[in-house]
Structure formats: structure tokens, C-alpha cells
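Quick caveat, the model's predicted, so the values are computed rather than measured. Start at 1 and go down the list; that is how both ligands and their atoms are numbered. When reading the values below, keep in mind they use all heavy atoms of this one structure, side chains included, and skip hydrogens, waters and symmetry mates.
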Amino acid sequence: MKIAILPGDGIGTEIVEQAVRVLDATAQVLGLKFETETALVGGAAYEAHGHPLPDSTLNLAKAADAILFGAVGDWKYDKLERALRPEQAILGLRKHLGLFANFRPALCYEQLTHASSLKPELVAGLDILIIRELTGDIYFGQPRGRRTAVDGHFPGAEEAFDTMRYSRPEIERIAHVAFQAARRRSKKVTSVDKANVLETFQFWKDVVTEVHAQYPDVELEHMYVDNAAMQLVRAPKKFDVVVTGNMFGDILSDEAAMLTGSIGMLPSASLDKNNKGLYEPSHGSAPDIAGKGVANPLATILSAAMMLRFSLDQSAAADRIESAVKAVLSAGLRTPDIWSEGQGGTRKVGTREMGDAVVAALLGGAAAKATGKTITTKS
Ligand code: IPM
Ligand code: MG
């Protein structure tokens, strides 16, 4: 099993290092063999090669069975032309590898119910799955650019424009992914659109409804995106599988992440039609805490578990990692982002110690026995 490791920028390198240690420990315990190769991506690749997604990195990703990705981006690249900005690396990987199906589970761990900004009873036991279409919509639609307006409110003025578009096959394939995922869960899909205003999303709604005819055992509900944003903080547990376009999915998945207490806990998978995938934490590169050793590595570690389950057909190994994560949370270990005074956390730890604890839990040692200094940074 060949895994491409792309740590990226900011906290990306720190968290991926821990996830790789956890993969190594898993391989050791279960007698698996992973071949890993690391490459630069994002700002780090731009510094070294003048491009955020050099051919060497893209080719490594193409040749691998799965990709473990950290995060890209830093404010210092905000002034670069768009094609050279770190974000283009992840957008390019999605596009070039055809990773159209993005799974973003939002799961509230019972140990972290109090870390959410919502009332504990609203989020206790929350387990929803956002399925975001990832290679279409206004993110990739052409044409786009800047020009002089020939009509509109201010003819002759400078203007910018993007194109929102979806083709029937693009909507059909993501709808199938969502209905099939729902069959493995509680058989309910909420399709989020803006059909009351946008032609693209009236079409989305129509095509999803047509595909639904093949899944009579699954319940389908349609919801406008503004209402979905509201319902997510009003009664999030009413949702199970949510399927939506690239743009709405970007926004709603960050909102859903916060319900769980910390975006530092949420893994994600981006799959192609053959279940080859790129796995990354749902959070970004967090340049403000990069290099401080305080970032939460659990989202990346859980992404590695998703990789084992979805792309490498090793669900027993994935279960082991997920249990190890639960064990360290139960043992009271907390990185600053999930620390809240008097709510079950007994030791505030850094990135490496959290990795140590998961490795120890995997290797059979009690998580609480993990050694190392307790950090004192205030969250
Ligand atoms: C995400 C991120 C990316 C996106 C950025 C980094 C391009 O926000 O994965 O949600 O907008 O898709
Ligand atoms: Mg986003």
C-alpha cells in the first residue's frame, strides 16, 4: 500500500508527523506494510520549486493508493497571483485526481460535549455526515475573471465575475454517493440547495430528486442553504447525511465542525470514483500556532483512520485507531483547543504528547501512561 504524505504548511508538518507515527504503530500491531513517500506542497513547495503543486508532487499523488495531506496556506502568500497561492495546491489535487466526493463527518465525542459553543444537550451524541461535491460549482466554473462591465448597474465600471455551474452527471454521481452512504447510516438525506433563487440549484434539486427514485428505502428532504445554516445550530441532530454543492458545502462543513467543539477533531476524505482518496483534517494550516507544538493532531490521525477504511480496505486497522483516540480522550488528555476547565480533561498536552498517547494506546499501553511534559499554554 503506497501512501503519499503531503504535510504542507503551518501546523501541517507537526500534525502529519504524529499521524504517520500512528500509522507506523498500527502497521506494527497488525502486521501491515505501508510504503510512504513525502513531498512538498503549498507554500513550502512554492518556496522550494516556485509552484504550490509541482509536477513531482502531483505525480507522486497520482501514483499512490492514497494521500495523507496536512494543510496549506499562510497570510504571507496573500499577495501572490492566484495561480501561485498555496490553496491552488489542494484545488489542483482535487481537480487533477477527480476527487469529487468529499466526506466531512461531524461527530461530537461524548468526552467533548462541553467543548461545543452550543448547549450540551443540543450536540450530545451528534453524528452527521456532510457530503460536499468537490470538483464543480462556482469553485471551478468558467468563465471567471475581471473586465469592464457592459451592462448591469454600472456600465463601464470595473467588475469581477465567477460562474456557478453543474452538469447532470456531476450531480448524479454525488447524489448516488449520498444515497449509498445513507443506506449505511440512518437512511435519511438532506439535499441543500438555493433553488428559490439559482438556476444551478433548481437543476441540482431536480436531478437529486430523479436519482432518489432508485433509492426508495432512503428518505430525501430538500432544504434551502440559508435555512440549513440555521437548522444546523438550532437542532443539528435532526440531520444525518447532508449532500450539497462545493460552495455551500465549504461553508456548512465549517459550521458543522464547530458543533462538535473543535475543528481540531474532524477528519475528511475526498474520493474519486474508485475510492482512491485524499485524506486531510477539516481545519487549515493555523499559522498563528505553527511551530509551537500545541496543535491538535487528532483530526489528522482520524483522517489516517478514514484512509485505512475507505481507500486501503483495512477497516480493522481504522477501528483500532479510532478506539485509541477515544481511549486518550477518556484518559483526560486534551490539546488546548479542546480543553475546558473542569470538563473531564485532566492533562493539557501538546501535539507530540497527544501523538505519543495514541501510539501508546495502540500498542496496548494505557493512554494515561504516556510520558512527556505537560504544556502550560493557555487556550
Ligand atoms: C476547505 C478549504 C478549501 C476550500 C480552501 C483551502 C481552498 O476551505 O477544504 O474547506 O475552500 O475548499
Ligand atoms: Mg473550507
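- Classification of the Tyr46-Tyr77 ring pair by plane angle, with boundaries at 30° and 60°, yields perpendicular.
- Minimum-distance N/O/S atom of Asp250 relative to the Mg ion (ligand 2): OD1.
- A donor and an acceptor atom, one from each side chain of Glu133 and Thr135, are located under 3.5 Å apart.
- For Asp217 and Arg183, the salt-bridge test passes: some basic side-chain N is under 4.0 Å from an acidic carboxylate O.
- A cation-pi geometry, defined here as NZ or CZ lying under 6.0 Å from the six-membered ring centre and within 45° of its normal, holds between Lys95 and Phe140.
- For the pair Arg147 and Phe161, the cation-pi criterion (under 6.0 Å, within 45° of the ring axis) is fulfilled.
- The shortest contact between atom 5 (C) of ligand 1 and any protein heavy atom is with Glu87 CG, 4.4 Å.
- Ranking protein heavy atoms by distance to atom 1 (C) of ligand 1, first place goes to Arg104 NH2, 3.3 Å.
- Near Arg132, with a cut-off below 4.0 Å to any heavy atom, the atoms of ligand 1 are 1 (C), 4 (C), 9 (O), 10 (O), 11 (O), 12 (O).
- Under 4.0 Å from ligand 1, the heavy atoms of Arg94 that appear belong solely to its side chain.
- Counting only heavy atoms of the protein, atom 11 (O) of ligand 1 lies nearest to Tyr139 OH, 2.5 Å.
- Every residue two or more places apart in sequence or in another chain that forms a side chain to side chain contact (heavy atoms under 4.5 Å, CB included) with Asp162 is listed here: Ile138, Arg144.
- Here Asp254 does not reach the Mg ion (ligand 2): none of its N/O/S atoms is less than 2.8 Å from the metal.
- For the pair Asp78 and Arg85, the salt-bridge criterion is not met [side-chain N within less than 4.0 Å of a carboxylate O].
- Taking atom 2 (C) of ligand 1 as the reference point, the nearest protein heavy-atom neighbour is Asp250 OD1, 4.0 Å.
- Under a 4.0 Å heavy-atom criterion, Arg85 is not in contact with ligand 1.
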